[in-house]
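First comes the structure, then the notes that go with it.
On a predicted model such as this, the values are computed, not experimentally measured, just so you know.
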Amino acid sequence: MSGPETGWRRLDPRTVLATSALAAGVAGGAALPALFALGGRMPLARAVLLVLAGAVLVTGGGAAAGWVRRRRTRYRIGPERAELHTGVLLVKRRSLPRERIRSVDLSARPLLRALGLVTVRIGTGEQTGSGESTLLLDAVSRQEGERLRKELLDRGVPVAGGEGHRDGTLAVLDLRWIRYAPVSFVAPLLGGAAVGAVLQVSEWFGVRDRVIGWTWDHLRDVPLLWAVPALAAFALLTGVVGALGLWIEMWSGYRLEREPGGTLRVRRGLLTSRSISLEERRLRGVDLVEPLGARILGGIRLDAVATGLATGGGEHASSNVLAPVAPRAEAQALAALVLREPVSPVREEALTRHPRAARTRRLRWALSAALAPAALLALLGLLFTGVLLWTALVVAAVAVPVAVLLALDAYRNLGHGTSGAYLLTRSGTLRRSTVALQRSGVIGWTVRQSVFQRRAGLLTLAATTAAGAGAYEVRDAARDEALEFADAAVPGLLAPFLERGSGPRRGAQAPGAVPPARGARNPG
């Protein structure tokens, strides 16, 4: 650590041990395949010595790299800026103004947890993609991480809330929620990945043919009509077990807390611990997410709609998740607590249903998607073999009813409305999403209307905001009804661009709205 007069600090000395252990793990993982490869070319004793020498070299190199990284990394939290200097030959200097810091998230992989260390990610909430809006300290002691989090997020400005909305614990893990894990889309994906992993590992050891032969011997006398479902059921069962394990790893120790000063904190994780903080002044609403399997069982996941949270893919894509899938009543009650409202603003009676023309559009899309592959198979059958004609018939018989059911469900899930200070929008079937967005957080409107929508008297309206996904759509709503809804939801924002009885002037947009997509036209 540098002199106290400068205020500079270094990473924890145990980071060298963590880097050494990680390098030793990599060396150990590569040792067995290397030993098998060398054992067939030289005496076993010599192969063992070479593998050990390589492991020692890799471990020593990791320790040296960790020591250099620690010596060349320092950080400082000043009265106005948070600074980080790192690098050996090319020194990188980064700093963030303290008033722009919006998140201080802590995480710890199993190795770091065993050593009492955490990784601290300090961010401004800007998604630049270059890392310039983030300072990463990997790693410091857990006590130091907590100190940094409190120092950087404690603004000393209380957040006004409704009566009865206290600070403290808002939600803790209920083990009964695990019943929603097996019906997630993760289960079949993990099942397929497990089958692929078995085949890949067996190929590494040169026994893939034996594995396939063993499977064939056990299924040889089983009719194909039963063999395929049996294999699919086995893969699905494997995926269910994997989904349960993944849920336990992700959500063990879950706790949602409101800290003094207006900060929501989510803590969770069995092997890898995570701590995500969200300032309430950045909160613009909530998103009640219902994957199809969870929706059938009455489950809802609670996400935050806030500025400066990752919403795409990547390591921190789940930073907006406030609670796992839970029963509908509990998720709604938690949404009210998070928003400091007496009841959840998401109410079925506040949603306006969309016209039947929207249902017709979805049925048309669904039938086109279902019949296209069947038509292709039928064409190939006419050209080559009649077997493909029967295959096309089976595909159509299975795909069309499923497509129609999904289209009707997608139509039933369309809705929009207002509830107190919130704008509501709902859509989706495999993943139904109901967003409650603060009307004061809407900074513009985008109106899109295709040729087919114009003929059907529909349009798509998008409320643009600085939070969450950036825009939340009201899809295929009745034209006049949607424009009246936008004008009533945020009075005065769209009114200057409306012509009474004829909708918005051609080419006009509300301030702050993003331009329509190429090929789309504003209604005239």
Side-chain angles (χ1 to χ4, degrees), residues 183-203 208-240 242 291-293 296 313 356-414 427-432 450-456 458 460 475-476 517-520:
V183 296
S184 69
F185 292 112
V186 174
L189 294 178
L190 290 178
V195 173
V198 169
L199 294 177
Q200 183 63 58
V201 172
S202 63
E203 183 179 5
R208 186 176 68 170
D209 292 340
R210 293 175 58 185
V211 171
I212 296 176
W214 179 88
T215 305
W216 171 251
D217 290 340
H218 283 75
L219 295 176
R220 180 182 302 170
D221 298 329
V222 179
L224 185 63
L225 188 62
W226 292 101
V228 173
L231 290 175
F234 177 77
L236 183 59
L237 179 61
T238 304
V240 167
L292 181 59
I296 293 174
R356 292 185 177 180
R359 181 181 63 183
T360 302
R361 282 172 57 81
R362 275 148 187 79
L363 285 171
R364 187 182 302 119
W365 295 337
L367 290 175
S368 299
L371 293 176
L376 178 60
L377 288 172
L379 177 61
L380 294 176
L382 292 174
L383 295 176
F384 299 104
T385 173
V387 174
L388 292 179
L389 291 174
W390 289 104
T391 304
L393 181 62
V394 172
V395 170
V398 173
V400 168
V402 173
V404 169
L405 289 176
L406 291 177
L408 294 177
D409 183 64
Y411 168 70
R412 284 193 298 267
N413 293 336
L414 290 176
S427 63
T429 178
L430 298 179
R431 179 188 182 276
R432 187 170 78 174
S450 67
V451 174
F452 300 104
Q453 285 179 311
R454 181 184 295 274
R455 291 176 179 175
L458 305 174
T460 295
R475 301 174 183 174
D476 288 335
R518 180 175 297 182

How close do Ala403 and Ala366 get, counting heavy atoms only, and between which atoms? O-CB, 3.4 Å
Is the number of heavy atoms from other residues, nucleotides or ligands within 6.0 Å of CH2 (Trp365) greater than 12? yes
To the nearest 0.5 angstrom, please state how far the CZ atom of Arg356 sits from the OH atom of Tyr411. 7.0 Å
Minimum-distance pair of heavy atoms, taken over all atoms of Arg432 and Asn413: NH1-OD1, 3.0 Å
How long is the span from the CZ atom in Phe452 to the CG atom in Leu458, to the nearest 0.5 Å? 13.0 Å
Listed by chain and number, what are the salt bridge (charged side-chain N to carboxylate O under 4.0 Å, His left out) partners of Arg412, not counting sequence neighbours? Asp409
Salt bridge (charged side-chain N to carboxylate O under 4.0 Å, His left out) partners of residues 362-385, not counting sequence neighbours, each pair once: Arg362-Asp476
At their closest point, which heavy atom of Ala374 faces which heavy atom of Ala396, and how far apart are they? CB-CB, 4.0 Å
Which heavy-atom pair separates Leu414 from Ala358 by the least distance, and what is that distance? CD1-CB, 3.9 Å
Between Val395 and Leu377, is there a side-chain heavy-atom distance shorter than 4.5 Å? yes
Heavy-atom pair of closest approach, residues Leu430 and Phe185: O-CE1, 3.4 Å
Value rounded to 0.5 Å, distance of CG in Leu363 from CG in Leu406: 11.0 Å
Taken to the nearest 0.5 Å, the spacing of Leu376 CG from Leu371 CG works out to 12.5 Å
Hey, what do you get for CG (Leu388) to CG (Leu393), rounding to the nearest 0.5 Å? 12.5 Å
Could you give me the CA-CA distance, side-chain angles and deciding distance for Thr238 and Leu190, then say whether side-chain contact (heavy atoms from CB on, under 4.5 Å) is met? CA-CA 7 Å; Thr238 304; Leu190 290 178; over 6 Å; no
Leu382 CG to Leu389 CG distance, which is reported to the nearest 0.5 Å: 5.0 Å
Mind checking what makes side chain to side chain contact (heavy atoms under 4.5 Å, CB included) contact with Ala399, not counting sequence neighbours? Ala370
